[in-house]
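Throughout, a chain's letter reflects where its sequence line sits, starting with A, and its residues are numbered from 1. Here the structure is a predicted model, which is why all the values come from computation and not from measurement.
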Amino acid sequence: MPLLEVNDVVVRFGGVTAVNQARFTADERRITGLIGPNGAGKTTCFNVITGLQRPTSGSVRFGGRDVTRTAVHRRARRGMARTFQRLEAFGSLTVRDNVRVALDIAGGFGGLMRSSSARVDEALDRVGISEYAAERADSIPTGTARLLELARCLVGDPKLLLLDEPSSGLDESETDAFGELLIALASEGKAILMVEHDMDLVMTVCDDIHVLDFGEIICSGSPAEVRADARVQAAYLGASDTDETQHDLAPLDATTTIPAVTS
Amino acid sequence: MSGFFAFVVLGVFTGAAYAIAASGLVLTYATTRVFNIAHGAFGMVLAFAFWDFSVRQGLPTWLSLVLVLGVVAPAIGWFIQRFVTRGLGDAPVSVSLVVTVGLLVGLIGVAQYLWPPEARILMPFRPETGYQVGSTYVTAHQLITIVCSVLVATLLYLLLNRTRVGTAMRASVDNPELLQLFGGRPDRVAQLAWAIGISLAALGGILLAPVVGLDYYALTLLVINAYAAAMLGRLKSLPLTFAGAMALGILESLAVGYLPTDGFIAGIRPVIPALFLFLLLVLLPQAQLRIGQVKGIVSAPVPSLLRAAISGVVLLLVVIVVTTGMSEANLLLVGTAATFAMVMLSLVLLTGYGGHVSLAQLTFAGVGALTYSKLAEPNLYGLVLTTLIAAGVGALVALPVLRLTGLYLALATLAFGVLMDKMIFQEEWAFGYNGTLPADRLSVLGVKIESTSGYVLVMVVFLVLMSLAVLALRRGVVGRLLVAMRDSPSACGTLGLDQRWFRVGLFALSAGLAGLAGALFAGLRGTIGAADFQFFNSLPLLLLAVVFGITSVTGACLGGVGLMLLPELQANNPELAGLFFVVLGFGAVALGRDPNGLANQLFRLGRWVRGQAEPWIRERIPVWAPNLADDEELEPVGLDLIGEPLPAPRAAGDLVAEEETSHATP
Amino acid sequence: MTVPMLEAIGIHAAYGRIEVLRGVDLTIPRGAVMALLGPNGAGKSTFVKVISGQKEATAGDLHLGGVHVRNASSDALARVGLCTVPEGRSVFPNLTVEENLRLMSYAGVPADAVMETAFRYFPRLLERRRQLAGTMSGGEQQMLAMSRALASDPALLLLDELSMGLAPLIVEELYDTVREIAETGVTILCIEQFARTALRVSDYAAVMTGGRIVATGEPEEIMESMADVILGAA
């Protein structure tokens with residue numbers, strides 16, 4: 001049984017259906033990508049999984065248990081951790097204190113007084129932002145803040161990592177290092193579910209990819225399968241005459257570059 | 001049956017007046033997201049103004065009405081929105097609460113100053129006219145009030161649904177930025193809403209004044225009825241607000257008619273609105289964690305513990321020197337100041353660090369005092385017990401509104417304060433109706449502290465220990481979590497923090513500290529009564545804490561002295577009594593946006609003095625210089641008792657304001 | 001040469017300490033349709049907010065029809081003929097369709113005329129005039145939003161991610177409307193993720209990365225060079 005199962009989740013805001021019958025899984029030791037154009041409902045899916053948004057219908061199962069109605073913090077305690085597309089770092093604390101707070105929380109009230117600074121430093125080191133440890137979190141670059149959010153997750157040793165556009169703000173070499181970190185984390189047994197716009201990164205590191213288009217999963221499969229899927233190209237390029245798609249840009253180029261460029 | 005009908009008619013009349021006032025409250029809250037705690041105070045001041053025009057100056061009633069409702073009230077509403085509450089809707093709830101509490105106290109001061117206490121009578125409209133309906137006599141005033149409420153409901157409906165500016169009011173509830181992109185002016189819309197809202201408060205006040213009497217406090221606190229009615233409409237729906245007001249009016253009236261006139265049940269009558277409000281708060285739906293909320297703006301100053309300890313010892317020494325040979329009366333004043341400082345410390349924890357507002361902190365002190373006075377031989381164990389009981393009561397207040405935040409927690413404390421003040425404290429088993437209880441002096445380690453000067457020193461020791469405890473909390477894990485929760489509640493939630501229980505814990509701790517202060521105060525005074533812990537006095541307490549700096553221990557200590565002096569000043573200068581409230585209230589309005597308050601100005605002054613003096617000292621006392629340079633957090637002694645430089649205030653985080661919050665609305 | 005409709009010179013803007021726009025230079029001639037492309041976080045939406053007066057620029061100059069308008073309030077800009085359709089929801093969900101349309105008259109065109117135009121273009125809105133806007137489908141909401149662009153007779157129209165979360169077919173429909181508006185001579189700046197869709201209706205295109213305009217030109221050139229410009233390799 002997969003670690004995370006999202007079953008037929010529907011989210012409606014007024015008359016707008018943000019997520020429609022979404023169904024996908026994420027499992028240990030695998031990196032799962034959730035991609036799709038802006039406004040396709042990816043972040044809403046994350047909110048449903050973590051409990052920040054209650055679905056109109058459908059269910060979320062985590063570790064074999066139905067958590068659809070479980071409170072946000074309880075899901076976290078069962079091993080979910082997430083980062084945010086719009087940063088949610090604790091701006092007035094230092095980078096180190098950000099991670100320390102996460103460890104305080106993860107340690108429970110029994111461990112309140114014993115937050116080990118070694119574990120904090122280890123997490124900072126792991127994502128490669130030790131040099132920023134003493135800086136206030138609202139004064140560091142966006143990419144670094146995203147890594148900080150990841151470090152904050154890692155210190156609690158979660159089973160499932162939900163990463164919302166983790167690489168935006170990173171330069172090319174940082175992105176490469178980040179990809180390697182993800183692979184290493186997965187090989188240690190973590191399940192990673194990632195919303196990402198950098199197609200090169202997604203195609204390189206992901207084991208499975210689900211493509212979301214206006215709220216519906218239109219395609220699931222390996223990177224190669226997704227790349228070749230006609231519906232995916234339509235989703236990214238907009239409805240265009242099919243022959244034009246073929247003449248203008250090669251299918252592979254279309255999925256690998258255009259989304260990264262324009263969305 | 002005819003009696004029943006009469007009570008219903010009376011209920012409909014008061015309900016109609018509540019409805020008028022409450023609809024004004026809803027209008028202003030809905031369009032500007034500023035909950036106007038002072039709504040009733042505006043009604044009170046304007047009812048006095050109406051009396052002034054119509055009775056004192058002898059203008060015709062219709063002209064006075066036109067002047068008050070059509071000129072003075074709208075002008076005040078416009079002014080308040082333009083210069084006081086503008087932009088508050090985006091500020092943390094604690095700030096807008098403090099500012100409007102400041103308005104409330106300031107307005108009471110204005111009324112007391114302009115219209116010093118004397119007997120004033122505001123006659124009902126057409127007092128000699130009435131109609132016999134069956135066996136019930138309906139006065140013209142009652143009928144006029146009911147007609148007014150129908151008129152107000154109709155006009156508001158037409159305004160909001162049939163006119164462009166009314167539509168814009170509803171639109172700006174959702175999204176003022178979008179309204180601006182449409183070409184509308186949210187500022188003007190808000191000013192109009194406030195002008196109308198204050199007019200409605202005035203009309204409500206004028207209609208109720210003949211029944212309630214022209215009383216500064218009674219008319220001001222009538223607003224609790226309006227809060228309760230508005231809460232039924234979730235501060236949004238006018239029809240439900242009207243329904244709530246009617247239900248409340250009829251309920252109150254029937255309670256007068258049918259509840260027994262003595263015993264415990266009888267005590268319920270005056271607190272029906274507060275109970276109604278509390279009940280509705282409990283029934284409100286769960287607040288959802290939202291991404292991208294407005295973030296905290298100012299960080300609280302934190303000195304090192306060593307520094308704080310040294311400052312504490314200095315304080316103790318100063319008190320010893322000052323109190324030597326002091327008269328008994330003055331010793332009591334010093335003890336009172338220490339009490340208030342301790343209560344304010346509990347607010348530093350709750351409001352300054354945690355961002356939650358309690359409008360009944362003195363009531364918790366009263367709970368502590370009550371418990372203490374029941375102790376046979378008060379000693380340290382008894383004190384611990386007292387603290388725990390006060391903390392438990394605090395948790396009981398916070399628990400039902402566990403799922404809610406900010407504004408609702410504050411309103412729950414307000415309802416609780418009224419409840420305790422008018423009902424529980426008056427019970428036989430408590431202080432008794434206008435009664436007092438004797439309280440023994442505290443015994444420390446088997447030694448009973450009989451002398452007042454000794455007792456005052458013990459209180460100061462408690463104050464210093466409490467300060468150190470609060471600072472230790474702030475420096476440690478609790479402080480970090482509080483800042484983190486303020487910066488991003490969503491991140492705390494997804495990291496696994498149960499913020500609801502954390503909040504209840506914080507609230508209980510704060511109530512416990514206030515209770516401890518109250519207990520020590522009871523021991524100091526020897527006799528203690530409900531009058532010492534009147535609900536209303538929690539408001540100046542909160543304001544003084546804010547004015548002097550609710551984020552620092554120094555601010556609490558200065559605030560304690562200030563609050564002790566306030567009634568002294570008022571008693572010595574009775575003609576200026578109101579003016580002190582005016583200064584305090586409007587001081588809080590002015591300083592409310594900077595929670596670091598006056599203490600911060602002192603820190604600045606201290607730094608400036610240091611900047612001037614340091615080179616001079618270095619030159620002459622070389623030994624001291626390296627010592628100073630070692631500890632960069634060390635501030636010059638003197639004015640800067642406890643505190644350290646503040647980081648630059650951070651702009652409210654608009655970076656995050658655009659997240660999908662639109663989707664998160666429940 | 002006539003005065004351009006929009007001229008931005010060295011626009012800087014920041015959120016807190018993080019600078020998002022680092023000297024944006026962009027000129028849009030009168031009557032032109034320009035597409036603004038670029039990756040997530042490039043600062044496109046911030047730029048739109050600066051032009052529409054929702055966000056303060058920390059430096060730089062902004063001219064609208066030759067008039068200096070930097071940091072003018074957004075309602076004043078709306079009343080002189082700037083129509084901004086922001087990203088995401090751009091209607092009032094708790095107001096009816098008719099009430100939404102009534103508010104559009106703030107831009108200077110009488111309410112009756114606004115409704116007449118809106119219902120002529122989108123008959124579906126007429127059927128739903130008494131319905132709350134928030135209960136309509138995303139496409140219908142966007143039609144309502146576009147009604148403002150159509151009916152308020154703007155000089156400059158800013159469209160931010162018109163297609164967000166909408167089915168391709170509806171996006172095409174909306175862009176047909178954009179083209180119609182363009183044909184009446186309205187200057188348009190549109191930000192769009194569907195590069196092809198946007199480029200098809202535009203006369204010029206610009207690419208923004210890292211808070212600067214890095215390329216401008218004809219749509220075809222941009223379409224070809226976009227990958228080069230942004231990824232450094234194709």
task = Counting only heavy atoms closer than 4.5 Å, note whether C/R102 contacts chain B via side chain, backbone, both or neither.
result = both
task = Report yes or no: does B/K236 contribute a side-chain atom to a donor-acceptor pair with the main-chain N or O of B/Y29 at less than 3.5 Å?
result = no
message = Going by the rule side chain to side chain donor-acceptor pair (under 3.5 Å), which residues pair with C/T187 if we only count those two or more places apart in sequence or in a different chain?
response = none
ask   = What do you reckon, is CD of C/E116 surrounded by more than 12 foreign heavy atoms closer than 6.0 Å?
value = yes
message = Which atoms of C/S152 are under 4.5 Å from chain B, going by heavy atoms: the side chain, the backbone, both sets, or neither?
response = neither
request  = Pick one of side chain, backbone, both or neither for C/E99, based on which atoms fall under 4.5 Å of a heavy atom in chain B.
outcome  = both
inquiry  = Surrounding CZ of C/R30 (heavy atoms of other residues, nucleotides or ligands, distance under 6.0 Å), is the total greater than 12?
reply    = yes
request  = Test C/Q131 against every option in C/E127, C/R129, C/R128 by the side chain to side chain contact (heavy atoms under 4.5 Å, CB included) rule and name the one that passes.
outcome  = C/R128
inquiry  = For B/F35 and B/Y227, take the angle between the two ring planes, folded into 0 to 90°, and tell me which bin it lands in: parallel under 30, tilted 30 to 60, perpendicular over 60.
reply    = tilted
query = Which residues from residues 160-172 of chain B are near chain C, with near meaning under 4.5 Å between non-hydrogen atoms?
reply = B/N161, B/R162, B/T163, B/R164, B/V165, B/T167, B/A168, B/R170, B/A171
task = Identify which one of C/S52, C/S90, C/S45 satisfies the side-chain hydrogen bond (donor to acceptor under 3.5 Å, both in side chains) criterion when paired with C/D160.
result = C/S45
